Structures are given as structure tokens and as C-alpha cells.
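Structure first, commentary second.
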Amino acid sequence: MMGGKDMMRIVRGIPMTADEFVDEWFESDVVKAAIASLGIHGLTLGVYGAGTGYTLMHNWANRGGLSHVAVQGGIGKISESLASAVKSFGGEICTNAEVKQIVIKDMRATGVVLSIGEEISASNVISAADPKHTFLSLVGAMELPPEFVWNVQSIKMRGSVAKVHLLTDGKHGIPDGTVALAPSIKYLEKAYDAAKYHSISEKPYLEVTTSGKVVSIHFQFAAYALNGRKLLLHLDTNRRTPELWNEKREVLADIAVKTLAEYFPALNSSIVARHIITPLDLEQTYGLTEGDLNHGQIMLDQFMFMRPIPGWSNHKTPIDNLYLCGSGVHGGGSQRGKRTECSEDSEVGN
Ligand SMILES: Cc1cc2nc3c(=O)[nH]c(=O)nc-3n(C[C@H](O)[C@H](O)[C@H](O)COP(=O)(O)OP(=O)(O)OC[C@H]3O[C@@H](n4cnc5c(N)ncnc54)[C@H](O)[C@@H]3O)c2cc1C
């Protein structure tokens, strides 16, 4: 519906690097970096990475830019409104109810088993957990066609985002709203180098959201698989990562504060308490496999009709009555805006 000219510009921009993309439009390195930074937000790629032209467009279009819009009454109001809508239709909501298994009988989902042992039967099961967690842990490889399992195992989850929340006395000097600490294109690319070598950036790209006394720092890059070796086996890294992250937790927060304090020196003496969320915490506390914010990297071989895997972008799964929603499917993640409609007869999604 965009017309040939605009569509051509989009198709041309998709495989470009974020650097090349902004270079065509802007002269100032500071402006280029601020705009390009969103192209690598949540992604384990640098601004010189092919395909970050696509994520640049995706993230700007879906997030509406860098700033985080304040929700009247606090962000929790969104969940509360959704919950009351469900209840108004007679729905029941269970929280603190971890699903341990999706029950499958003859290739058909019949319900779920909670970690406390309770079984809930259902005519349809819709999972918003990420595709790897849903298929490999909750359904189980034995229930699925081998080629499908192989495709799911191949989904790239590469979290490298950490969060540092600071409670301050309010005298930090940082303006309310969003500040992107991305001084140059080269700075962003160098920050990414750390993720490439499975470590923590000494000079990270930070996206800082401030509201009164609370300063929330989005930190890139901090590799989920903290070790000097290439990530080969998911299970293998799981054995080594927890100990390493426990050692590095405070180191990460120190780097975040030191980097930010270079621009806002009053921050140091203003801090009252800090809460650190490592990529491992994102996995263990929030259920995000490998701490990947988007339930799978948003990259060219994992987007649109190939999300979560080729041929399965329309929310259906090989198991009848089991559907996948959430960021791992086409449209996500970081999708604040309207999602594309899916039609019943579309085999490879929209
Ligand atoms: C640090 C961080 C920064 C981000 N920044 C932005 C941003 O600036 N802008 C933006 O648009 N997006 C951002 N995102 C991404 C955004 O949060 C996601 O796109 C969005 O939350 C996806 O929603 P979802 O419902 O698909 O998945 P989720 O929000 O991940 O919800 C999945 C739910 O399933 C639950 N779950 C998982 N396994 C089980 C189980 N076995 N049993 C029961 N429950 C289970 C989880 O606890 C979770 O509540 C960010 C994410 C993170 C983590």
C-alpha cells in the first residue's frame, strides 16, 4: 500500500547497515549515532552489521522513536486495564502459576500442567513464552517432527542487555525522559565488540530513562554467555554462566554508573540503592531464553515469514490447538504499535 517508490526504499534499506542508512540522511556524527542506536536496541549486532538497516526501521516504526511515553498512573496501568478487560468477559487470571508442561495427546494440545502439579485442561493452548522454551521445554522434542525441532534449536537467542535501576535522592542532574548515551557511530560499534567476545562493554551504549528519583539504565552490551569461548551448546554455557554472572553483577553496575557519571557527575553521590538485572536474571526470573528481550534475535534470517521459523509464522504449530503468540512470532518483538493481521488461509504469514 506504500507505492512502488517507498517500497523500493524500504527493500533497499533492509540489508543495509544502520551506519550506511543514517549516513545517507545526516551529516553530524552525534545525530547519526543517536538515531542509529535504536537500530541495535536489544540486538546483538553492531551498527556496522548488515541488516541493522532493517532493525533501525523496525524499532523506530514500532517504538515511535527513542523516547518512552509515560503512562498515566504508571506502566502497571496497562496490565491492570488488560486484566480487567479479561475479567469483564468472564475470564480468570492465574499469576505465580508456572507452566511446567503442555499436555499433548495424539498431536493435540489438551491442557497444561503447573509446576505445583495441578493440571488444567483446555480446548486451546496459546503460549506467549518464547518459541524455544515453548517447544523444547514445555512441549518436548519427542512430540514434534524432527525437522521442526531442528529449526527451533537453530533459532538464535543471543541476549546481551542488562538493566541497572537506580533509586536516588533526586539530585542526579539527569533530565526526566530518555537519554541515549551513544556519542558516535564508532563508539556504538566498539561497545558491541564486547558481546562478540562474550564479555561486558567497558564503554557501553546506554539508554537511560529517568522519572524523578528513579534512573533506569538499559545497558548494551553484556553477553549472556559470559566466557571467552564461542557459544556452542546451550547446556554447556548454562553450567558456566551462573557463577560468572554472580561475580560480574556489581562490575556491570559500576561500569554503568561510571559511564553515566561522566556526563552527569552529580549522579555518584545521589545514589541510594541499585537493582541489577543481568542477562541471566532475564532468563531465570523473566523466562527469556538466553536473556533475549525479543524471544529470538530480530535479524534477517529470523524476520517476517521466517519468524519464529520458516513456514510457521502464522501462529499455528505442528500440534493441533497449540498456538504461539508473543514476540517470538512475526511482528515482534519491541512491537509497541499495531500488529499485522493474520488470515486463516495464509500459509507463510503476512
Ligand atoms: C530489558 C528490556 C528492555 C526492553 N526495551 C524495550 C523498549 O524500549 N521498547 C519496546 O517496545 N520493547 C522493549 N522490550 C521488549 C518488550 O518488553 C517485549 O517485546 C514485550 O514484553 C514482549 O511481550 P510478550 O508478551 O511477547 O512477552 P513477555 O513480556 O516476555 O511475556 C512472556 C510471559 O510469559 C511468562 N512465562 C514464560 N515462561 C512461562 C512458563 N513456563 N509458565 C508461565 N509463564 C511463563 C513470562 O514470565 C512472561 O510474563 C524490552 C525488553 C526487555 C527485557
Side-chain angles (χ1 to χ4, degrees), residues 37-44 55 58-71 75-76 78-79 82-83 93-103 111-116 118-120 122 125-140 157-165 177-180 204-209 216-222 224 252 256 275-298 307-308 315 322-339:
S37 66
L38 209 53
I40 55 166
H41 180 100
L43 196 70
T44 302
T55 39
H58 176 106
N59 285 349
W60 273 96
N62 292 333
R63 280 183 34 157
L66 263 175
S67 66
H68 291 249
V69 182
V71 176
I75 195 77
I78 295 177
S79 315
L82 288 169
I93 297 172
C94 304
T95 55
N96 283 328
E98 188 194 350
V99 173
K100 203 176 81 187
Q101 189 196 344
I102 296 171
V103 185
V112 296
V113 178
L114 303 184
S115 55
I116 51 166
E118 185 189 349
E119 182 165 344
I120 302 171
V125 176
I126 305 167
S127 174
D130 70 60
K132 267 199 168 163
H133 184 49
T134 300
F135 294 118
L136 302 182
S137 309
L138 303 180
V139 172
M157 322 284 286
R158 295 178 183 161
S160 57
V161 170
K163 295 286 283 193
V164 180
H165 297 298
T178 309
V179 170
Y205 149 51
L206 305 180
E207 200 185 285
V208 186
T209 311
S216 287
I217 306 173
H218 172 106
F219 183 114
Q220 279 185 237
F221 291 81
Y224 164 84
L252 177 131
H275 176 62
I276 305 152
I277 304 174
T278 69
L280 186 70
D281 296 329
L282 287 175
E283 179 177 70
Q284 294 186 337
T285 314
Y286 299 89
L288 296 165
T289 303
E290 290 185 28
D292 194 316
L293 318 192
N294 296 313
H295 297 196
Q297 290 282 295
I298 301 178
R307 191 168 184 86
H315 304 270
L322 173 65
Y323 298 90
L324 199 65
C325 63
S327 289
V329 284
H330 170 53
S334 299
Q335 179 98 355
R336 198 183 68 156
K338 185 171 171 263
R339 292 196 183 218

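For clarity, every value in this text was computed on a predicted model and none was experimentally measured. Whatever order the structure lists them in is the order used to number ligands and atoms, beginning at 1. For this chain, numbers begin at 1 and follow the sequence in order.
Note that OH of Tyr286 is 4.0 Å distant from CD1 of Ile277, once rounded to the nearest 0.5 Å. In this structure, the separation between CE on Met157 and CG on Asn294 is 9.5 Å, given to the nearest 0.5 Å. A distance of 5.0 Å separates NE2 in His295 from CG in Leu288, rounded to the nearest 0.5 Å. If you take CG on Asp281 and CD1 on Ile276, they are separated by 9.0 Å, rounding to the nearest 0.5 Å.
When all heavy atoms of Asp292 and Arg158 are compared, the pair lying nearest together is OD2-N, 3.0 Å. Of all heavy-atom pairs between Ala97 and Cys94, the closest is CB-CB, 4.0 Å.
The distance from ligand 1 to the heavy atoms of Gly326 drops below 4.0 Å at these ligand atoms: 26 (O). Residue-ligand proximity, Leu293 to ligand 1, at heavy-atom distances under 4.0 Å covers atoms 1 (C), 2 (C), 3 (C), 4 (C), 50 (C), 51 (C), 52 (C), 53 (C). Counting atoms of ligand 1 from 1 in the listed order, those under 4.0 Å from a heavy atom of Tyr286 are 46 (C), 47 (O). Shown in contact with Ala129 at under 4.0 Å from a heavy atom are these atoms of ligand 1, numbered in order with element: 37 (C), 38 (N). Interface atoms of ligand 1 facing Leu288, defined by a heavy-atom separation under 4.0 Å, are 30 (O), 53 (C). Heavy-atom contacts of His133 reach the following atoms of ligand 1: 38 (N), 41 (N) (cutoff under 4.0 Å).
Looking at Ser137 against ligand 1, nothing comes within 4.0 Å, counting heavy atoms. Only side-chain heavy atoms of Lys163 come within less than 4.0 Å of ligand 1; its backbone N, CA, C and O stay farther off. At a heavy-atom cutoff of 4.0 Å, ligand 1 is contacted by no atom of Asp130, backbone or side chain.
The shortest N/O to N/O separation between His218 and ligand 1 does not fall below 3.5 Å. Note: no N/O pair closer than 3.5 Å links Asn294 and ligand 1 by distance alone. For ligand 1, the polar-atom distance check against Val99 finds a nitrogen or oxygen pair separated by under 3.5 Å. Ligand 1 has no nitrogen or oxygen under 3.5 angstrom from a nitrogen or oxygen of Glu98.
In this structure a side-chain-to-backbone donor-acceptor pair under 3.5 Å is present from Glu283 to Glu290. Side-chain atoms of Glu207 do not come within 3.5 Å of backbone N or O of His41 as any donor-acceptor pair. The main-chain N or O of His58 is never found under 3.5 Å from a side-chain atom of Thr55 such that the two would form a donor-acceptor pair.
Annotation: side chain of Val139 is in contact with side chain of Leu322 (closest heavy-atom distance under 4.5 Å).
The closest heavy-atom contact to atom 32 (C) of ligand 1, among the options Ala128, Ser216, Cys94, comes from Ala128.
Using a 4.0 Å cutoff on heavy atoms, His41 counts as a contact of ligand 1. Put simply, part of Ala97 is less than 4.0 Å from ligand 1, judged by heavy atoms.
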